[in-house]
Amino acid sequence: MALNMTHQIGTLAAATVPVPNSSAGESTAAMSAATLWKPPAVSLKCKVTRTEGGAEGLSPPLSPCRSPVLRADLSAACQAFTAEVAAEEYIAGGKEKGEGKEGVPLFVMMPLDSVKTGNAVNRKKAMNAAMAALKSAGVEGVMMDVWWGLVEREKPGEYNWGGYVELIEMAKKHGLKVQAVMSFHQCGGNVGDSCTIPLPKWVVEEIDNDPDLAYTDQWGRRNYEYISLGCDTSPVLKGRTPVQCYADFMRAFRDTFKHLLGDTIVEIQVGMGPAGELRYPSYPEQNGTWNFPGIGGFQCYDKYMLSSLKAAAEAEGKPEWGSTGPTDAGHYNNWPEDTQFFRKEGGGWDGPYGEFFLTWYSQMLLDHGDRILSSATSIFDNTGVKISVKVAGIHWHYGSRSHAPELTAGYYNTRFRDGYIPIAQMLARHGAIFNFTCIEMRDHEQPQDALCAPEKLVKQVALATQKAQVPLAGENALPRYDEYAHEQIIRASQLDVDGDSGGREMCAFTYLRMNPHLFEPNNWRKFVGFVKKMKEGKSAHKCWEEVEREAEHFVHVTQPLVQEAAVLMH
């Protein structure tokens, strides 16, 4: 901390102390201890003491007052101060050895309901304590969902950013960067969804009036998670097209937070489908429709998608192919060999009709991504933020020939065709980041009868992004707090494909998720070591045990801060 002890004591006493020649970051760091403790306006005196190891500290309060209350107050302040000094020394310790020049910056996903209905920060004290703890551990920043269904909830064109203004300012105060997700999907109905946030009320009303605005399967089941991409360019939402609505939302976000773009807000992840991912809602968990590891179902049966399919079939000279999608592709919870379309021998996926349909279906998804990215890159041009798109890690039945679950989701990836290079190339045209999930998984942890292969899938995606020259970022698909998962993330993030990464590493990793479990003592200890390892990257010079020992002391001195976060988040 770039302050002398006089200034540090002034900070603890919540006094305004001028800091000569300090940067904004130093000032923020110096004042953050004061936010943890507000004493009464009483004159107190402290001694500066020095331990055998040479570290400076503060004595308990001396006269004029020795009241137990004030001793307790100052003790709390000293704990907060000690935690902060330890954090800065812990982070700086790595940088002195070259850390920061390499490595993968680590972000942490915030709770889905960080902003609640009514547009206020949810569990504000908990958020504040959690951010302080994350910053102390050396985390780069946080990722937060900016929900369309909250901000533009009541009327088209009326935006209420209230809770997000407060939340992003809170992140700034703690010196954390922000990845903001433009969440144009519904929350609820997917893996890990802990709350329900529907699409804006006026959008839901429009879908109720015209159910074909919703993705539809061959049995007529409508999905309200995300508006069908089939109507991307149709003025079906009170005179605007869905793509125009997304663009207007992003433009309003830019104008509201322009003073923070490129500095605090460093990345905009543009939602492209269910769970914010560029895919079709082919495996909906809601109401038990789909269960892992089912193959899922094609989502092309609304009138807008069928109209496009009809036109494509006529252009192909095969009008008979344009009336419907595959009728022999089974049900959501079938396996490939249960179906005529996906089976390995003589399956329709590998014939002329299958090639036509899958090309059209996947190209519709690519065109959807292309349209929205064109808007996003134009809106955020010259603001200093990066643009990213999340792609789902669909690893089950990856070892089969047809890769059925990937096909129903819109990724035309089979044993004989690479479906991720076209996605990477589309992102490359817009200078966007390819964000991929399931980075923490190992093949042998997954059901082998379902031919799951997350490691092989991650390797394929790494090669595709390398070929397209697109930056690759990662996320874990499911919450994991164990060292085994941490080690896998570190290994995958270094992109050592076939033993040669060409000097590449992931450009960022986002950890799922900020919650009470993360702040449990054993999990927090492991997490702190994990952050340190990620920041060191390929230049890591310490074994895992050494990093953990180094983290032990840090965890001990920051215990009050972490305990507060854990308690308040419950």
Side-chain angles (χ1 to χ4, degrees), residues 215-223 228-230 274 279-285 287-366 392 394-420 422 446-453 456-457 460:
Y215 280 118
T216 308
D217 64 20
Q218 71 181 91
W219 302 281
R221 187 182 288 105
R222 309 285 189 180
N223 188 308
S228 169
L229 62 81
R279 65 173 176 88
Y280 294 97
S282 55
Y283 48 99
E285 281 200 307
N287 302 321
T289 302
W290 171 87
N291 292 298
F292 177 82
I295 59 176
F298 290 113
Q299 307 292 310
C300 59
Y301 294 88
D302 63 78
K303 69 182 181 185
Y304 300 97
M305 291 290 285
L306 288 174
S307 174
S308 172
L309 177 61
K310 183 173 184 291
E314 289 171 355
E316 188 75 11
K318 296 282 187 178
E320 65 274 17
W321 287 352
S323 59
T324 183
T327 57
D328 55 355
H331 294 264
Y332 285 100
N333 293 311
N334 283 142
W335 286 29
E337 290 305 307
D338 297 336
T339 74
Q340 178 66 37
F341 189 77
F342 292 121
R343 68 184 188 183
K344 62 182 179 183
E345 297 291 348
W349 65 274
D350 199 25
Y353 167 73
E355 183 179 353
F356 158 77
F357 173 79
L358 294 169
T359 298
W360 166 81
Y361 189 68
S362 60
Q363 189 61 49
M364 288 288 282
L365 188 65
L366 288 169
I394 301 174
H395 58 84
W396 53 103
H397 300 295
Y398 182 86
S400 66
R401 292 187 189 178
S402 63
H403 292 233
E406 292 164 89
L407 298 184
T408 57
Y411 307 153
Y412 193 177
N413 191 56
T414 70
R415 185 169 294 182
F416 313 117
R417 177 191 178 103
D418 193 318
Y420 297 100
Q446 305 300 320
Q448 289 308 293
D449 54 346
L451 302 178
C452 300
K456 295 181 182 66
L457 173 58
Q460 182 186 352

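Heavy atoms only: backbone and side chains are in, while hydrogens, waters and symmetry mates are out.
Using a 4.5 Å cut-off on side-chain heavy atoms (C-beta onward), Arg343 and Pro336 make no contact. By the 4.5 Å heavy-atom criterion applied to side chains, Ser402 and Lys344 are not counted as neighbours. No side-chain heavy atom of Ser228 sits under 4.5 Å from any side-chain heavy atom of Thr216. Proximity of Pro422 to Leu366: side-chain heavy atoms (C-beta onward) are separated by under 4.5 Å at one or more points. Taking 4.5 Å as the limit, every side-chain heavy atom of Lys310 sits out of range of all side-chain heavy atoms of Ser323. Side-chain contact between Thr324 and Gln218: absent, with no pair of heavy atoms (C-beta onward) separated by less than 4.5 Å. For the pair Glu314 and Trp321, the minimum side-chain heavy-atom distance is 4.5 Å or more. Using a 4.5 Å heavy-atom cutoff, the side chains of Gln446 and Trp396 are not in contact.
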Next on the checklist: Could you walk me through whether Tyr412 and Tyr361 satisfy the side chain to side chain contact (heavy atoms under 4.5 Å, CB included) test, starting with their C-alpha distance in whole Å, then the side-chain angles of each, then the deciding distance to 0.1 Å, before giving a yes or no?
Outcome noted: CA-CA 8 Å; Tyr412 193 177; Tyr361 189 68; over 6 Å; no

Next on the checklist: Is there a side chain to side chain contact (heavy atoms under 4.5 Å, CB included) between Gln299 and Thr408? Walk through the geometry before answering.
Outcome noted: CA-CA 8 Å; Gln299 307 292 310; Thr408 57; over 6 Å; no

Checklist entry - Going through the distances and angles, do Lys303 and Leu306 end up as a side chain to side chain contact (heavy atoms under 4.5 Å, CB included)? => result CA-CA 5 Å; Lys303 69 182 181 185; Leu306 288 174; 5.6 Å; no

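Rounded to the nearest 0.5 Å, atoms CD1 (Ile295) and OG (Ser282) are 10.0 Å apart. A distance of 5.5 Å separates OH in Tyr398 from NE2 in His403, rounded to the nearest 0.5 Å. How far OG1 of Thr339 is from NE2 of His331: 10.5 Å, rounded to the nearest 0.5 Å. To the nearest 0.5 Å, atom CZ of residue Arg401 and atom CG of residue Leu451 are 12.0 Å apart. One distance of note links CE of Met305 with CE of Met364; it measures 4.5 Å at 0.5 Å rounding. Summarising the geometry, atom CG belonging to Leu309 is positioned 4.5 Å from atom CH2 belonging to Trp360; distances are rounded to the nearest 0.5 Å.
Put simply, the side chain of Ser307 never gets that close to the backbone of Tyr304: no donor and acceptor are under 3.5 Å apart.
No close placement of the Tyr215 and Tyr301 rings is indicated, their centers lying 6.0 Å or farther apart.
Seen from the ring of Tyr411, Arg279 does not count as a face-on cation partner, given the 6.0 Å and 45° thresholds.
Across every non-hydrogen atom of Phe341 and Ala329, the tightest pair is CB-CA, 3.8 Å. Closest of all the heavy-atom pairs between Trp335 and Asn333 is CD1-O, 3.8 Å. Closest approach of Thr414 to Leu407, counting heavy atoms only: CG2-CD2, 4.0 Å. Closest of all the heavy-atom pairs between Tyr420 and Gln460 is CD1-NE2, 3.5 Å. Across every non-hydrogen atom of Cys452 and Pro447, the tightest pair is SG-O, 3.5 Å. Between Arg415 and Gly399, the closest heavy-atom pair is NH2-O, 2.7 Å.
There is a side-chain donor-acceptor pair under 3.5 Å between Glu406 and Asn413.
Each of Asp217, Thr289, Asn291 was compared with Tyr332 under the side-chain hydrogen bond (donor to acceptor under 3.5 Å, both in side chains) criterion, and only Asp217 meets it. Here the rule is ring pair (Phe, Tyr, Trp, His ring centres under 6.0 Å) with Phe298, and of Trp349, Tyr283, Phe357 only Phe357 fits it.
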